[in-house]
Amino acid sequence: MTALDSAKRRFLTPDQYLTLLSLVVAGTSFMENLDGSIIVTALPAMSHSFHVPPIDLNIGVSAYLMTLGIFIPVSGWIADRFGIRRVFTLAIAIFTLGSGLCGLSNGLVEFVLLRIMQGIGGAMMIPVGRLAVLRNLPKEKLIKTMATLIWPALAAPLLGPALGGLIVTHASWRWIFYLNLPLGLIAIVAALLLAPKSSEADAPPFDWPGFLLTSFALFFLMAAIEMAAQPDPHFSFIGLLVVAGIGLLIAGYRHLGRTAYPMINLETLKIQSFSVSILGGSIFRITVSATPFLLPLMFQIGFGFSPFLSGALLAAIFAGNLLMKPFTTFFIQRFGFRRILIWNNVLCSLTILASVFLSPHSQWMIIIVLFASGILRSLQFTSLITLAYSEVPKKLMSTANTLFSTLIQISLGLGVTVGAISLRFSHGLVNWFHLGNEPDLPFRIALFIVTLISCLALIDTVKLSPMAGNLLRKKPLQPKEKTA
């Protein structure tokens, strides 16, 4: 039974069904992204419980996101093999159970293992839910629907620190995980009612070589980056991991291009709008996920703010997201994807740079800078994800969704790790050059490094054709028109 037939049986129009299904997927995405960010302001309290330094707990964040990046590639095949409704519901249940068990953990190793369990559930939950929407979504409704699907990825990382700070201030840090229990139960019921019951007989043979090659490649590379963020890293071992990861990645790339039933169809990378959204977009996502990691720590450790105030200040970014959301379609229709992705990336980089000069004595200036950052990153996120699917044919939508979802989570995971590496490098610079004892100085240097990384996204974006995503515009750009 198709999604539209299911909608008719539930006395809903196709538009009403897709709207409700999009809201369910957005809700699970909010829960998953909230869980990945809410622990930021709780790191000092958790480090006290686990008897480890706060910076060491970034492995709990990174392990969760690394697991998503490794297991998301199989989500499309599993959905085809066992059905969207069944996989979507089971994934929510695994994620919710893992969250409850994280709240019961008493040590770092135990906590990391349970975060991996959560990651396995999240790896199925979000891509499969998004695939259910994309398979039944007309192209002309892509911009509006993507704006609905993307807001949780923007809102949750910003509400998370504030909510985490409130919980840590007035209760135990364990409640940041118990919070997912009622949300997960609601999501399970909604998934059973709304997720389409797709066919279970259309899946090709599973590509085990492709899965093993790409999974181990990603694991080695991300583990190398994670180890580089730890105190006293062993660079010789890190080098071996990098070499092994690159070797496996090359082997995996060749395998995917030759096998009859690849886990990920590389034909999607030949679509320029899709490849730019992945490559340049990944750099952007790394930097914007590094800042929510660095800023709460700077506010608490550098400025001396309370956990709640540190998290509450980041809510200004969420306010900017909400303000921009109704205008995103207008800006895309008016200026097109290329102009937005180039100039808006420049402005996003400038807001990160402005964070370097924030002062604990001017909270209003902090709010203004973060509010402007929220407006700009909302437009950039929605433009990137809409452009990614704008020119992908229906037959490649499943594999495109798998690849895009994988690289989104990898870039988000790398954002936290890059933030940690930048912070450790900044501490080293301060000590080597005797730059002073101000507790906020290493964070300022780290944010400056993140600003420089953000500018690298322009290298890929400027190659984008002015005609990219043109079919989504009400007044398509003509080839003779000049653009920035």
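A quick note: this is a predicted structure, and the numbers were derived from the prediction, not measured.
- Distance check: Ile283 CD1 to Ile278 CD1 gives 12.5 Å after rounding to the nearest 0.5 Å.
- Ser465 approaches Gln272 most closely through the heavy-atom pair N-OE1, 3.0 Å.
- Not counting sequence neighbours, Asp207 has no partner by the salt bridge (Lys or Arg N to Asp or Glu O under 4.0 Å) test.
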For this session: Dump the intermediate steps for side-chain contact (heavy atoms from CB on, under 4.5 Å) on Phe95 and Met117, then the final yes or no.
Result: CA-CA 7 Å; Phe95 177 87; Met117 175 184 175; over 6 Å; no
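- A donor-acceptor pair is defined here as one N or O able to donate and one able to accept, closer than 3.5 Å; no such pair exists between the side chain of Thr386 and the backbone of Ser383.
- Nearest heavy atoms, Ala191 versus Thr89: CB-OG1, 3.7 Å.
- Applying the ring-ring contact (aromatic ring centres under 6.0 Å, His included) rule to Phe443 yields no partners; only residues at least two apart in sequence or on another chain are considered.
- The minimum heavy-atom distance between Ala290 and Val450, with the atom names listed, is CB-CG2, 4.2 Å.
- Panel note: side chain Ser373, backbone Val369; no donor-acceptor pair is recorded below 3.5 Å.
- Contact of the Met124 side chain with the Val74 side chain is registered, since non-hydrogen atoms from C-beta on lie closer than 4.5 Å.
- Residues satisfying the side chain to side chain donor-acceptor pair (under 3.5 Å) criterion with Ser99, sequence neighbours excluded, are Asn180.
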For this session: Decide side-chain contact (heavy atoms from CB on, under 4.5 Å) for Ile449 and Ser426; before the verdict, give the C-alpha distance in whole Å, the side-chain angles of both, and the deciding distance to 0.1 Å.
Result: CA-CA 9 Å; Ile449 295 173; Ser426 300; 4.0 Å; yes
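- Scanning for ring-ring contact (aromatic ring centres under 6.0 Å, His included) contacts around Phe404 gives Tyr389, with sequence neighbours left out.
- Taking OG1 from Thr382 and CE from Met324, the interatomic distance works out to 9.0 Å, rounded to the nearest 0.5 Å.
- To the nearest 0.5 Å, atoms CD1 (Ile250) and NE2 (His255) are separated by 15.5 Å.
- Partners of Ser273 under the side chain to side chain donor-acceptor pair (under 3.5 Å) rule, at least two apart in sequence or in another chain, are Glu391.
- Applying the side-chain contact (heavy atoms from CB on, under 4.5 Å) rule to Ala187 yields the partners Thr28, Ile92; only residues at least two apart in sequence or on another chain are considered.
- Residues passing the side chain to side chain donor-acceptor pair (under 3.5 Å) test with Gln118 are Asp35, Arg115, sequence neighbours excluded.
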For residues 451-464, run the donor-acceptor check on the side chains, cut-off 3.5 Å, and write out each pair with its distance to 0.1 Å, sequence neighbours left out.
unit_1, atom_1, unit_2, atom_2, d
Thr451, OG1, Leu353, N, 3.3
Thr451, OG1, Leu447, O, 2.9
Ser454, OG, Ser349, OG, 2.7
Asp460, OD2, Gly280, N, 3.1
Thr461, OG1, Ala457, O, 2.9

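- When all heavy atoms are compared, the tightest approach of Leu131 to Ala79 is CD2-CB, 4.5 Å.
- The main-chain N or O of Val356 is found under 3.5 Å from a side-chain atom of Arg444 such that the two form a donor-acceptor pair.
- When all heavy atoms of Ile264 and Pro73 are compared, the closest pair comes out as CD1-CB, 4.2 Å.
- For Phe206, the ring-ring contact (aromatic ring centres under 6.0 Å, His included) partners at least two apart in sequence or on another chain are Trp77, Trp208, Phe211.
- Contact detail for Leu241 and Ala224: the closest heavy-atom pair is CB-CB, 3.9 Å.
- The closest side-chain heavy-atom distance from Leu423 to Pro442 is below 4.5 Å.
- When the side chain to side chain donor-acceptor pair (under 3.5 Å) test is applied to Gln363, no partner is found at least two apart in sequence or on another chain.
- Distance check, rounded to the nearest 0.5 Å: CG of Leu249 to CG of Leu218 gives 6.5 Å.
- In this structure the side chain of Pro393 reaches within 4.5 angstrom of the side chain of Ile271, judged on heavy atoms.
- Side-chain contact check for Leu384 versus Phe337: every heavy-atom pair is 4.5 Å or farther apart.
- Here OG1 of Thr402 is found 10.0 Å from CD1 of Ile78. Values are rounded to the nearest 0.5 Å.
- Residues Pro209 and Thr259 have side chains not in contact (no heavy-atom distance under 4.5 Å, counting atoms from C-beta outward).
- With sequence neighbours excluded, no residue forms a ring-ring contact (aromatic ring centres under 6.0 Å, His included) with Phe274.
- The main-chain N or O of Thr214 is never found under 3.5 Å from a side-chain atom of Tyr253 such that the two would form a donor-acceptor pair.
- Screening residues 262-283 for salt bridge (charged side-chain N to carboxylate O under 4.0 Å, His left out), with sequence neighbours left out, gives Glu267-Lys270.
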Exercise. How far apart are the C-alpha atoms of Leu379 and Lys325, what are their side-chain angles, what is the distance that settles it, and do they pass the side-chain contact (heavy atoms from CB on, under 4.5 Å) test?
Worked result: CA-CA 8 Å; Leu379 178 59; Lys325 187 177 182 296; over 6 Å; no
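- Ring geometry, Phe220 versus Phe216: the interplanar angle falls from 30° to 60°, so the pair is classed tilted.
- Ser29 contributes no side-chain N or O that, together with a main-chain N or O of Ala26, makes up a donor-acceptor pair within less than 3.5 Å.
- Using a 4.5 Å heavy-atom threshold, the side chains of Phe284 and Phe381 count as touching.
- Atoms CG and CD, from Asn345 and Gln380 in turn, are 5.0 Å apart once rounded to the nearest 0.5 Å.
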For this session: Start with the C-alpha gap between Leu183 and Thr96, add the side-chain angles, then the distance that decides, and say whether side-chain contact (heavy atoms from CB on, under 4.5 Å) holds.
Result: CA-CA 8 Å; Leu183 297 178; Thr96 304; over 6 Å; no
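- Side-chain contact check for Met263 versus Leu403: every heavy-atom pair is 4.5 Å or farther apart.
- Between the side chain of Asn401 and the backbone N or O of Pro127, at least one donor-acceptor pair lies under 3.5 Å.
- With Thr268 contributing its side chain and Asn265 its backbone, the two residues share a donor-acceptor pair below 3.5 Å.
- Looking only at side-chain heavy atoms (C-beta outward), Leu295 and Ser355 come within less than 4.5 Å of each other.
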